[in-house]
Visitor: 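Supplied in structure tokens, the structure appears directly below.
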Amino acid sequence: MRILILHGPNLNLLGQRETQIYGKSTIDDINTQLKVMAEELQVELAFAQRNGEGELIDLLHEAPDKVNGVVLNAAAYTHTSIALRDAIAAISIPVVEVHLSNIHAREVFRHASMIAPVCIGQICGFGPDSYVLGLWALVKHLQAREEG
Ligand code: DQA
């Protein structure tokens, strides 16, 4: 089983960006934490980060040929992008929405997620562990589907 970890805009700056909200972990720290969980779950990971909406959409379009599911932090596009939502709805593999911060406890404009209705679930508020929990949940979901 192979899973894509897809990081959206500005997440390349984690570790230096608004650390009071997002913490000190860098994207590499998060990916390293995910590799530990992946080994435990015996799945392979692929990683990508893009700042552009279109680039994220292209990666989602390509994903079904390469991976079984996606853990996605769409960052600010979560709240704005119908195009990203349509891309998730268009692909045949499950996507889990994750966020470091609890988007529901922040500014009102972050409470809405355009992508939540087309993802299998949303995990937010646990810092880097949101990704780890998202990976765990996605793999369990895929395994349950395989067992069928
Ligand atoms: C975020 C939350 C978003 O509202 C924000 O735009 C981000 C990061 C998070 O991981 O907490 O860039 O997705």
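Numbering of ligands and ligand atoms starts at 1, following listing order. Because the structure is a prediction, the values reported are computed rather than measured.
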Visitor: Can you establish whether the number of heavy atoms outside I21 located under 6.0 Å from its atom CD1 is more than 12?
Guide: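 Buried by this count: over 12 neighbours within 6.0 Å.
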Visitor: Identify the protein heavy atom lying closest to atom 11 (O) of ligand 1, giving its residue, its atom name and the separation to 0.1 Å.
Guide: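 Result for atom 11 (O) of ligand 1: S101 OG, 2.6 Å.
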Visitor: Can you tell me which residue and heavy atom of the protein come closest to atom 6 (O) of ligand 1, and the distance to 0.1 Å?
Guide: R110 NH1, 3.0 Å
Visitor: Any N or O on L100 sitting closer than 3.5 Å to an N or O of ligand 1?
Guide: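 Yes; at least one N/O pair falls below 3.5 Å.
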Visitor: Test of understanding: given a 4.0 Å heavy-atom threshold, classify the contact between H99 and ligand 1 as side chain, backbone, both, or neither.
Guide: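 Both of them.
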Visitor: Just by modelled atom types, is the G15 backbone N or O under 3.5 Å from a matching donor or acceptor in the T19 side chain?
Guide: no
Visitor: Examine H7 together with Y131 and report whether their ring centres are nearer than 6.0 Å.
Guide: yes
Visitor: Can you tell me which residue and heavy atom of the protein come closest to atom 7 (C) of ligand 1, and the distance to 0.1 Å?
Guide: Y22 OH, 3.4 Å
Visitor: side-chain contact (heavy atoms from CB on, under 4.5 Å) with L138: which of I3, V98, V70, L41?
Guide: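 With L138 as partner, I3, V98, V70, L41 yield a single side-chain contact (heavy atoms from CB on, under 4.5 Å), made by I3.
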Visitor: Give the residue and atom name of whichever protein heavy atom lies nearest to atom 12 (O) of ligand 1, and the separation in Å to one decimal.
Guide: R17 NH2, 2.9 Å
Visitor: Does any N or O atom in A76 lie less than 3.5 angstrom from one in ligand 1, N or O only?
Guide: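 N/O-N/O distance below 3.5 Å exists for this pair.
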Visitor: Counting neighbours of CD on Q42 that are heavy atoms of other residues, nucleotides or ligands and sit closer than 6.0 Å, is the number greater than 12?
Guide: no
Visitor: I want to know if ligand 1 touches N73 in the polar sense, i.e. an N/O pair below 3.5 angstrom.
Guide: yes
Visitor: Taking NZ, NE, NH1 and NH2 as the nitrogens, is one of them in K35 or E39 under 4.0 Å from a carboxylate oxygen of the other?
Guide: no
Visitor: State the atoms of ligand 1, each with its element, that fall below the 4.0 Å cut-off from a heavy-atom position in H79.
Guide: 3 (C), 4 (O)
Visitor: What verdict does the side-chain contact (heavy atoms from CB on, under 4.5 Å) test give for I120 and V95, after you've listed the backbone C-alpha separation in whole Å, the side-chain angles of each residue and the deciding distance to 0.1 Å?
Guide: CA-CA 6 Å; I120 57 168; V95 177; over 6 Å; no
